[in-house]
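Remember, it's 1-based here, ligands and their atoms both numbered in the order they're listed.
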Amino acid sequence: LIATGFLERVVDIVGGPFVLQDAAAVAPYGADALKQPHAPDLVALPGSTQEISSLATLCDELRVPMVVRGAGTGYTGGAVPIRGGIVLSLERLNQILEIDPVNLLARVQPNVITGQLQDAVERVGLFYPPDPASLQQSSIGGNVAECAGGPRAFKYGTTKRYVLALEAVLPTGEIVHTGSKAVKNVVGYDLTQLLVGSEGTLAIITEIILRLVPKPPAQRTVRAAFSSIEAAVTAVTNLIQLRVVPAAIELVDQHSLDALRAHSGTSLAPEGAAAALIVEVDGSKKAADEELDLVDQACRAAGGVDVQRAVTDADRDAIWQLRRELSPALKRIASIKLNNDVVVPRGRVPQLFELVARLRQESRLPIACFGHAGDGNIHVNIMVPEAERARLDDAMNRARAAERQLFEGVVALEGSISGEHGIGFTKAPYLGLELSPSEIALMKRVKAAFDPHGILNPGKIFPDGQAG
Ligand SMILES: Cc1cc2nc3c(=O)[nH]c(=O)nc-3n(C[C@H](O)[C@H](O)[C@H](O)COP(=O)(O)OP(=O)(O)OC[C@H]3O[C@@H](n4cnc5c(N)ncnc54)[C@H](O)[C@@H]3O)c2cc1C
């Protein structure tokens, strides 16, 4: 796959210490959180945009597959070099270049860790809202490439709302700048937003200008337990009718609550509860306190019990820490889990849960759900427990069948098969469930315009893996 002389030219560009080639050294660069690895032939750790441009020109000339890697926390195999070739790990590009409190923006290199940017801007009274549960590990570049979202998306939106401008290297080596530092810009096509969520298939993002907002002075959090999913969803509807726009509304089902209890010794609701809600409001202290009362009222009116307000920062952190423990808790029950982040219009969340109940029965597999109720974005985890190991093929077939029915169901409910994690290679076979042949063909023409030789992250997004 790697042409003669390629290695030497890569070493010339980035320097010997920044090229990895032995099997043990490259192996970690072949996996992400999906845990379906494929080792690259070579790994380069470029230190500048210019080096990335030279590497792209070289790969394009020699038709070597090239995959960009952020922090490797993706769930759909986006950073996995399934066709081999070279991985460009951007780990050396990890600097916050500028925090501008007058223009409310930050300029960063792609591998700044999300949580570190949040801490840095909060120290000067600013706020970067996107909060994927992986924020202590994921990179801003990866967040932009996946358009990451988190609990706060209900009020604040996902990563795309915050990306003002990008510097990027095209697979053919040209360096381009999209957008600007100004908050308004309607000059030509919006290439910035085209690159957001492009899953490392169109360009390599080398610098990002992010919009910031003032840090809300007060945050208040409530958690409540419910005897049914419907009751929890009614509480969300009540809230919206009271015109409260919480920063976050998280829904956790009984299966996830039980897993959390087994994992952490505690949970987000008393034993036997069918669902829990975590609701966070923010704003001025007065507004947050008033909204907190309304949230309490909306939960109780829907039959919520054990309604608990987080009084101190420590109480609040404890609730969110438990929320972040859900994924690891489920992993303990089943090391194999198909983690789907489907999304439906908010009012159809109860229908989504009806569908999941049916799939649970038909597949005879545990399926645990939690997610962002305000956005209708629910993580549906189809699990293959250790007890199924003896008949793994059969269990995997049942899990895959349930997954396909889930995707068909959410499309029928006018939703989407992915709200956060993207398509990568795992969901590529299902693209046609949601997009028409003309839409897929149009996307392939866009891909071909950026990457005429199909060298950047081949095998991702499109069902047949071809660029054009
Ligand atoms: C425990 C856990 C919780 C998670 N929770 C959430 C969540 O709440 N919300 C959510 O949205 N996601 C979540 N994720 C998924 C994941 O963290 C996000 O998709 C994240 O944005 C990936 O960032 P990364 O730096 O790890 O990217 P990687 O995994 O390294 O790469 C992801 C994709 O982006 C591309 N890419 C990376 N950097 C660049 C760049 N500079 N230029 C161009 N392309 C690039 C890669 O080629 C790849 O296709 C979670 C993952 C884990 C493990």
What part of [X] sits under 4.0 Å from ligand 1 if we count only heavy atoms: the side chain, the backbone, both or neither?
X	value
A203	backbone
N111	neither
K460	neither
T158	neither

Inset, instruction - Output yes when a side-chain donor or acceptor of S264 lies under 3.5 Å from a complementary backbone atom of T266, and no otherwise. - result: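 No, S264 side chain to T266 backbone: no donor-acceptor pair under 3.5 Å.
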
Do ligand 1 and [X] have nitrogen or oxygen atoms that lie under 3.5 Å from each other?
X	answer
P132	no
G74	yes
G72	yes
E420	yes
Y75	no
A145	no
S139	yes
T73	yes
A71	yes
V68	yes

Which of the atoms in ligand 1, numbered in the order shown and given with their element, are less than 4.0 Å from a heavy-atom of [X]?
X	result
E199	49 (O)
H421	12 (N), 13 (C)
L90	41 (N)
N457	47 (O), 49 (O)
P110	41 (N)
A33	53 (C)
G78	47 (O), 48 (C), 49 (O)
A148	11 (O), 21 (O)

Legend entry - Among R223, R152, R323, salt bridge (Lys or Arg N to Asp or Glu O under 4.0 Å) partner for E250: R323

Among protein heavy atoms, which sits nearest to [atom], and what does the distance come to when rounded to 0.1 Å?
atom	answer
atom 14 (N) of ligand 1	S134 OG, 3.7 Å
atom 41 (N) of ligand 1	I205 O, 3.0 Å
atom 44 (N) of ligand 1	G200 CA, 3.3 Å
atom 27 (O) of ligand 1	G142 CA, 3.5 Å
atom 19 (O) of ligand 1	E146 CG, 3.5 Å

Legend entry - For Y75, all residues meeting ring pair (Phe, Tyr, Trp, His ring centres under 6.0 Å), sequence neighbours excluded: H421

Answer yes if the side chains of [X] and [Y] hold a donor-acceptor pair under 3.5 Å, and no otherwise.
X	Y	answer
E167	T49	yes
S256	D253	yes
H372	E420	yes
T114	N143	yes
S335	E386	yes
Q109	T206	no
Q321	E325	yes
T201	N457	no
D341	H379	no
S89	E91	yes

Legend entry - Ion pair check, D282 and R316, cut-off under 4.0 Å: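 Here D282 does not pair with R316 in a salt bridge, since their nearest N and O are not under 4.0 Å apart.
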
Inset, instruction - Please check if atom NZ in K160 has more than 12 non-hydrogen atoms from other residues, nucleotides or ligands closer than 6.0 Å. - result: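 Count not over threshold, so no.
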
Inset, instruction - Examine Y156 together with Y162 and report whether their ring centres are nearer than 6.0 Å. - result: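 Centroid separation for Y156 and Y162: 6.0 Å or greater.
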
Inset, instruction - Kindly give the heavy-atom pair with the smallest separation between L20 and Y29, and that separation in Å. - result: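 Closest pair (atom of L20, atom of Y29, distance): CD1-CE1, 3.5 Å.
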
Give the single entry among [options] that approaches [atom] most closely by any heavy atom.
atom	options	result
atom 9 (N) of ligand 1	G70, G149, C147, G141	G149
atom 21 (O) of ligand 1	I140, N143, L34	N143
atom 31 (O) of ligand 1	S138, P328, A79, A133	A79

